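The structure that follows is given in the form of structure tokens.
Here the structure is a predicted model, which means the values were calculated and not measured. Just the heavy atoms: all of them, side chains too, but no hydrogens, waters or symmetry mates, feed the values below.
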Amino acid sequence: MFSKILIANRGEIACRIARTAKAQGICVVAVYSDADENALHVAMADEAYHIGGSTVGESYLNIERIIAAALASGAQAIHPGYGFLSENPAFVEAVEAAGLTFIGPPARAIRAMGLKDTAKALMARSGVPVVPGYHGEEQEVDFLARQAELIGYPVLIKARAGGGGKGMRKVEQADDFHEALLSAQREGLASFGDGHVLIEKYIASPRHVEVQVFADSHGNAVHLFERDCSLQRRHQKVIEEAPAPGMSFDMREIMGAAAVKAAQAVGYEGAGTVEFICDSSNGLQADKFWFMEMNTRLQVEHPVTEAITGEDLVLWQLQVAAGAPLPKRQNALQMRGHSFEARVYAEDPANNFLPAIGEIAALNLPFELARVDSGVRAGDSITPYYDPMIAKLIVHGNDRASALAKLKAALLATNIEGTTTNAAFLLRLSQQPEFVAGEMNTLLIDRQLESLTLPAKPSSLIIALAAIAELGLLQDQAGQDAKEPFASLTGWRHFGSATQHCHLQWGDALLDVTLGILAANRFTAAIGDEHVELQIIAKEGENLRVKSQGQQRTYRVSQHRMQISVACEAEHYAFTALDQLTAEDDSTEAGNSICAAMPGLVLAVQVAAGDTVQAGQTLVISEAMKMEHALKAPRDGVVASVHVAEGAQVNEGQLLLSLEEEAA
């Protein structure tokens, strides 16, 4: 076994690898960028080396600096984690040329599976079923359009390199093919340095089922059963589970054997995942699954496999890389119970899931209810440079129903402040009837998007609690500070109850709140025509026990600068305190300015000054958080001016272009 390894990654996966390595007495070396100098993975490491600027190109994709850090530290091996350089065969060869061990598969296996077109051709020759489509070298636009016609719409355009849904576009009709193709090629080139695409038949009722495989250098290969990853958004997995609901014993045997055959076909070593697409129109069937791709690395969702098998896959990686045979053979591997993983991200589901950049003011994760894999702490910032994941919540139960109940409890106990998260979205998704019944497919989120993402309107009680916090009336209201006799007189008037006013903003709505102070713990609030009376009967830190209309509930109320957060269960409401002068209506300018939603790179400007545009038309395409984002016209109008050009780096809120009314 190794005595020291370098982890060429960051965030939760670097922390997760470090935990297993340190438990084995292995010294851990971290690398970090400018933005990650104070990151958790750096603090957990025994040693840490700076490798460059904040962008991934300057740091986590810099092969020379990572290997130099490994050599300087005396590390014997490098673990790539997932993403970044984990599936780059040139990195593997550079590691081995430096006399180090790569904790992962050999370069030849990564190359064989790295390009989807050649991988599918290899699988077809090896007897593994593949999705019908065009996987050839010809990339001329009209030729690909003809291939799509021959395959039959709808089709899926897929970048042949990489994964994670990048460079992937569903096309419903021929008129949309050209724009979708260019977008997929751009994203593939930006993400993987390869704009080559393939075209496949789109499966109407698809289930995404993948099989965890493991192989060693002694000719042994096993599978550790399957995971269902059908809950996806933009081809990115959201909630994963193991085993797959509705999977029969016979189908599991057939699919597992196909996955092992795929690994053996490329001389695989280490951890890998073989991904299949299943036609679930009549349930899972042994003759209705096809090879999609193989991820030649550890998967984000590997903890659900660990939960049902009791195995530590990172430990297996370390042992196999050190030359040991697989710890277990196929007949010794067993499944136990059911597991779910939910990915908690700093993103705004109500705003097209845009990443929410900012500081994490408070981080309360359900460690007592779930396994929590995280790479951030309270006070850390979500930056535009990396994936905005905050944590993975992994639960395990004796059966699917009990595991699902635990997932709900863990999401209810999750409270993150200072940035918008998808926790409420995940809670709604976990209770969606099709998912609860185990009858979901990869289209579920798109079908139910509005109900899953529409933000719940804050009640009068929620707004009142935000106003109480903004006016500073939470101090000692329920704490009974015996040393301060005047604390109980807050709001006292000899001629009646005190009244105070405040202005709050929730989303685009401006809220005027008139707050009446009835007694030390009792308030009445008027918001427009709505009125509510409440009593704070207990206060412990930021947790308030509130009584209103005969009902008691616990709310978490906190304030960070001008931001007030009120949380109840998994619903979080963020308010901004406004000065009286800033609460005036400025709606006359609404819809005229198109601004950057986050820092990023402008990939294309598709209009010029004087152009007439229609609502929903794409105006600017930007790249941020390794994904393309299309900024669309909010209404019909004319482009008054354009303020950016292709290739420009823009900041959040920066004006990109302006609209004006079309002349009558």
With sequence neighbours left out, the residues meeting side-chain hydrogen bond (donor to acceptor under 3.5 Å, both in side chains) with Thr273 are Arg227
Just how far is it from atom CD of Glu87 to atom OG1 of Thr296, taken to the nearest 0.5 Å?
->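 If we round to the nearest 0.5 Å, Glu87:CD and Thr296:OG1 are 3.5 Å apart.
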Write down the atom of Val197, the atom of Leu144, and the distance for their closest heavy-atom approach.
->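 So the minimum-distance heavy-atom pair works out to CG2-CD1, 3.9 Å.
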Would you mind checking if Glu293 and Arg160 are paired as a salt bridge, meaning a charged N to carboxylate O distance below 4.0 Å?
->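 Looking at Glu293 together with Arg160, the answer is no, because their closest N to O distance does not fall below 4.0 Å.
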Value for CD (Glu241) from CG (Leu231), rounded to nearest 0.5 Å, stands at 7.5 Å
First locate atom CG of Asn441, then atom NE2 of His208, and finally report the distance between them rounded to the nearest 0.5 Å.
-> 13.0 Å
Side-chain donor/acceptor of Gln212 to backbone N/O of Gly272, under 3.5 Å = yes
Mark yes or no for whether Gln330, through its side chain, and His223, through its backbone, hold a donor-acceptor pair below 3.5 Å.
->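 Confirmed, Gln330 side chain pairs with His223 backbone.
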Can you list the steps and then say if Met255 with Cys278 is a side-chain contact (heavy atoms from CB on, under 4.5 Å)?
-> CA-CA 11 Å; Met255 186 177 280; Cys278 305; 3.8 Å; yes
Check Asn88 against Ile110 and note the closest heavy-atom contact, atom names and distance.
->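 Heavy atoms of Asn88 and Ile110 come nearest at N-CG2, 4.3 Å.
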Identify which one of Val131, Val211, Val130 satisfies the side-chain contact (heavy atoms from CB on, under 4.5 Å) criterion when paired with Phe276.
->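 With Phe276 as partner, side-chain contact (heavy atoms from CB on, under 4.5 Å) holds for just one option, Val211.
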Just wondering, do Val171 and Ile199 contact through their side chains at under 4.5 Å, heavy atoms?
->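 Of all side-chain heavy-atom pairs linking Val171 with Ile199, none is under 4.5 Å.
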Check: Arg428 side chain, Leu454 main-chain N or O, donor-acceptor pair, under 3.5 Å | yes
Of all the heavy-atom pairs spanning Gln185 and Gly195, show the shortest one and how long it is.
-> CG-O, 3.3 Å
Any side-chain heavy atom of Lys158 within less than 4.5 Å of one from His235?
->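 Counting from C-beta outward, Lys158 and His235 never come under 4.5 Å.
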Hey, is the main chain of Ile390 close enough, under 3.5 Å, to the side chain of Ser374 for a donor-acceptor pair?
->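 Present.
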Could you walk me through whether Lys201 and Ile277 pass side-chain contact (heavy atoms from CB on, under 4.5 Å), step by step?
-> CA-CA 11 Å; Lys201 179 64 180 174; Ile277 190 78; over 6 Å; no
Work out which heavy atom in Phe102 is nearest to a heavy atom in Pro80; give both atom names and the distance.
->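 For Phe102 versus Pro80, the nearest heavy atoms are CZ-CG, 3.5 Å.
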Close side-chain approach of Asp228 to Pro245, heavy-atom, < 4.5 Å = yes
Can you find a pair of side-chain heavy atoms, one from Ile151 and one from Pro132, that are under 4.5 Å apart?
-> no
Determine the minimum heavy-atom distance between Gly438 and Arg400, stating which atoms define it.
->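 Reported closest heavy-atom pair: N-NH1, 3.6 Å.
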Asn62 versus Ser59: any side-chain heavy-atom pair under 4.5 Å?
->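 No, too far: nothing below the 4.5 Å cut-off.
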State whether the number of non-hydrogen atoms from other residues, nucleotides or ligands found under 6.0 Å of Gln431 atom CD is greater than 12.
-> yes
Nearest atoms (heavy-atom pairs only) where Gly375 meets Cys15 |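 Nearest heavy atoms, Gly375 then Cys15: CA-SG, 4.0 Å.
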Spacing of Thr20 atom OG1 and Leu318 atom CG [to the nearest 0.5 Å] |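 Thr20 atom OG1 to Leu318 atom CG measures 7.5 Å (nearest 0.5 Å).
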Please state whether the rings of Phe84 and Tyr60 are parallel, tilted or perpendicular, taking 30° and 60° as the class boundaries.
->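 Aromatic pair Phe84/Tyr60 classed parallel.
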Assess whether atom CD of Gln614 is packed by more than 12 heavy atoms of other residues, nucleotides or ligands within 6.0 Å.
->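 No, because the 6.0 Å sphere around CD of Gln614 holds 12 heavy atoms or fewer from other groups.
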Applying side-chain contact (heavy atoms from CB on, under 4.5 Å), run through Lys328 and Trp316 and close with a yes or a no.
-> CA-CA 10 Å; Lys328 290 185 178 180; Trp316 277 42; 4.3 Å; yes
Determine whether the side chains of Ser248 and Asp250 contain a donor N or O and an acceptor N or O closer than 3.5 Å.
-> no
Flag if over 12 foreign heavy atoms under 6.0 Å of NZ, Lys408 |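 Atom NZ in Lys408 is not packed in, count stays at 12 or less.
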Do any N or O atoms from the side chain of Asn9 and from the backbone of Tyr82 form a donor-acceptor pair under 3.5 angstrom?
->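 Yes: the side chain of Asn9 pairs with the backbone of Tyr82.
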Is the backbone of Leu326 close enough, under 3.5 Å, to the side chain of Arg329 for a donor and an acceptor to pair up by distance?
->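 Judged by distance alone, yes, a pair lies under 3.5 Å.
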Look at the side chain of Asn422 and the backbone N and O of Tyr345, then say whether any donor-acceptor pair between them is shorter than 3.5 Å.
-> yes
Would you say Arg343 and Glu240 make side-chain contact, with heavy atoms under 4.5 Å?
->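 Side-chain contact under 4.5 Å: yes.
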Checking Glu140 side chain against Asp142 main chain: does a donor-acceptor pair fall under 3.5 Å?
->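 Yes, the answer is positive, given that a donor and an acceptor are paired below the 3.5 Å cut-off.
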With a cut-off of 6.0 Å (strictly less than), are more than 12 heavy atoms of other residues, nucleotides or ligands near NE2 of His218?
-> yes
Between Tyr134 and Leu150, is a side-chain contact (heavy atoms from CB on, under 4.5 Å) present by the stated rule, with each step listed?
-> CA-CA 10 Å; Tyr134 174 72; Leu150 291 172; over 6 Å; no
Hey, are Asp312 and Arg16 close enough for a salt bridge, meaning a charged N less than 4.0 Å from a carboxylate O?
-> yes
Do side-chain atoms of Asn295 reach the backbone of Leu298 as a donor and acceptor pair under 3.5 angstrom?
-> no
Would you find more than 12 non-hydrogen atoms of other residues, nucleotides or ligands less than 6.0 Å from Glu450 atom CD?
-> no
Step through the shown structure and confirm whether more than 12 heavy atoms of other residues, nucleotides or ligands are within 6.0 Å of CG on Asp287.
->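 Count over threshold, so yes.
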In terms of side-chain geometry, is the basic nitrogen of Arg111 or Glu93 positioned less than 4.0 Å from the acidic oxygen of its partner?
-> yes
Do Arg447 and Gln432 have side-chain heavy atoms sitting under 4.5 Å apart?
-> no
Short side-chain to backbone donor-acceptor contact, Ser430 and Leu427, under 3.5 Å | yes
Go through the structure and list residues passing side chain to side chain contact (heavy atoms under 4.5 Å, CB included) with Thr55, not counting sequence neighbours.
->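 With sequence neighbours excluded, Thr55 shows a side chain to side chain contact (heavy atoms under 4.5 Å, CB included) to Glu58, Tyr385, given in chain and number order.
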Min side-chain heavy-atom separation Arg234-Asn352 under 4.5 Å =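 Yes, close enough: below the 4.5 Å cut-off.
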